[in-house]
Novice: 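Sharing a structure, written as structure tokens. Questions coming.
Starting from 1, each residue takes its place in the sequence as its number. What's counted below: heavy atoms across the whole structure, side chains too, no hydrogens, waters or symmetry copies.
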Amino acid sequence: PSAFERVNVGGTRTVIEEARRAGAQRIVHVSSFFALGCSAAAPGQIGDEAMPRPAATYTEYERTKMLAGQVAEERLAAGAPLVVVYPCVVY
């Protein structure tokens, strides 16, 4: 759990801040669909990033990816030149 916290949450915070300090014009935070939590969409309904996120998580990985996503969203709201991507499965 501490490694997930350090890498996923702390690493996200550090990379975004260092990129801003270096004068990056665009920062791309590529996360994981796990950061969105389980979909509350009804069968046949499409869920997306705008859906409310569940309070409970199943694993430490999922929990820390959600927290890292919150860090990214906070930095975006504060003006960071940030794009957040949540791919599902990458082959």
Novice: Which atom names give the shortest non-hydrogen contact between Ser32 and Tyr86, and what distance separates them?
Specialist: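 Smallest interatomic distance, heavy atoms only, reads O-CD2, 3.5 Å.
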
Novice: Tell me the side-chain hydrogen bond (donor to acceptor under 3.5 Å, both in side chains) pairs involving residues 10-19, sequence neighbours left out?
Specialist: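 Residue pairs passing side-chain hydrogen bond (donor to acceptor under 3.5 Å, both in side chains), neighbours aside: Glu17-Arg75, Glu18-Arg21.
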
Novice: Tell me, with the steps shown, if Val71 and Val9 meet side chain to side chain contact (heavy atoms under 4.5 Å, CB included).
Specialist: CA-CA 7 Å; Val71 167; Val9 183; 4.2 Å; yes

Novice: Picking from Met66, Lys65, Glu60, what satisfies side chain to side chain contact (heavy atoms under 4.5 Å, CB included) with Arg63?
Specialist: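 In the set Met66, Lys65, Glu60, the residue that makes a side chain to side chain contact (heavy atoms under 4.5 Å, CB included) with Arg63 is Glu60.
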
Novice: Ala19: which residues meet the side-chain contact (heavy atoms from CB on, under 4.5 Å) condition with it, sequence neighbours left out?
Specialist: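 Here the qualifying residues are Ala24, Ile27.
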
Novice: Which atom names give the shortest non-hydrogen contact between Ala68 and His29, and what distance separates them?
Specialist: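 Closest approach of Ala68 to His29, heavy atoms only: O-NE2, 4.3 Å.
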
Novice: Minimum heavy-atom separation for Leu82 and Leu76, please, with both atom names.
Specialist: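 Leu82 and Leu76 have their closest heavy atoms at O-CD1, 3.3 Å.
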
